[in-house]
Amino acid sequence: MSDGASSLLRLTIDLEAVAQNHLSLQKKVGRGVDVAPAVKADAYGLGLAPIAKTLYQNNARHFYVTHPAEGAALRALLPDPNVHIYMLHGMIDGGAEDALHHRLTPVLNGFSDVEEWAGAAKRLGKKLPVVLHLDTGMNRLGLGAGEVEKLSRNSDLLSALDLRYVMSHLACADLPDHPKNKEQLEKFKAARARLNLPSPASFANSGGIFLGADYHFDQVRPGAALYGIHFTEHGKGTMRPVVSLAARILQIRTIDNKESLGYGATYSVARPSKIATVSVGYADGYLRALSGRGHLFVKGIKCQVLGRVSMDCIMIDVTDMPETPKVGDWAEIMGPHQTADDVAAAAGTIGYEILTALGARAERYYKGQE
Ligand SMILES: *Cc1c(COP(=O)(O)O)cnc(C)c1O
């Protein structure tokens, strides 16, 4: 990493804030409940290695990834046998030996997955660790009601497996008053009872944690809250922001009345204007949907994005700044004045998409790393 002298785009990730957020969530759910971070998709784009290590140092021992390759990468980072790694998409081509080799636990998302893993367990002469995913209303992954019935009539399949958790996932956890939350909770309890499963349960993502203790069971699986995005009212103010992004001003241009800016000439200035061209674009995760809608902060002053976002740069209006900024000054994209959730709102999306879109081009600084 350079000293930043020639850097044009700087992504700062506050590992202390991640650790604090983890601690806050652990306090919220109490000591009897495991906080199992979701570190899928490169820890929501923030970097698997520094995030996972920080969480491990703060006593996280259960982690969720999506792909088997993510699981293998995480295992290499955290060889501790007390670290448990669950793969949300399971292993659809078999691969029980591979999973054993890396000590990865698949989430079984359908009846045929259960059959396959029970078969592999018998073949290998081992009770293989698994998580059983019951669908309670997402209709995305997990055993549906019919499959739960079928499984209850084939209980020998489960006895071949080392069932670590039975889990489900909420569709509307970010909407505390949505009736679907309670419906899913009741369906989950009924399915567990139907299968007569004594195994521990995992139900809540970040939003679910804020729905209260009924939703916590034995393990919670937060991602968003750890990374400081919480577009929901009920979580507001409790989590610390983790991400800041700043880009440098490349040029200041003086534009005449009625001149247009950028691709498609979609915006024409209505007055003689001072325009700063800033080194961030959609290739950096500054979504094109922010064209004409986003804002940056220069020396704490809000400046509107004008015209289209291009691949590598954007233009902002600095006409009304008391002092015209200089080439090389930093403009805040996310930071003290606006969060990832604010940027998401302007783009018509959610903080999750903003974080995971942050590209590889920015120079990364990890604050609070050992
Ligand atoms: C991504 C994911 C999580 C984490 O969700 P957040 O809303 O980021 O807390 C938990 N469970 C499952 C099944 C997921 O896919």
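Remember, it's 1-based here, ligands and their atoms both numbered in the order they're listed.
- For Glu16 and Lys367, the salt-bridge test fails: no basic side-chain N is under 4.0 Å from an acidic carboxylate O.
- Taking the six-membered ring for Trp and the full ring otherwise, the centers of Tyr165 and Phe217 sit at least 6.0 Å from each other.
- Protein residues with a heavy atom under 4.0 Å from ligand 1 are Ala38, Lys40, Tyr44, Leu88, Arg140, Met167, His169, Asn205, Ser206, Arg221, Pro222, Gly223, Ala224, Tyr352.
- A salt bridge links Asp329 with Lys299: at least one charged nitrogen is closer than 4.0 Å to a carboxylate oxygen.
- Ion pairing between Arg123 and Glu97 holds under the 4.0 Å rule for side-chain N and carboxylate O.
- Ionic pairing of Asp214 and Lys189 is not present here: no N-O contact between side-chain nitrogen and carboxylate oxygen is shorter than 4.0 angstrom.
- Within the model, atoms OH of Tyr86 and OG of Ser202 stand 8.5 Å from one another, a figure rounded to the nearest 0.5 Å.
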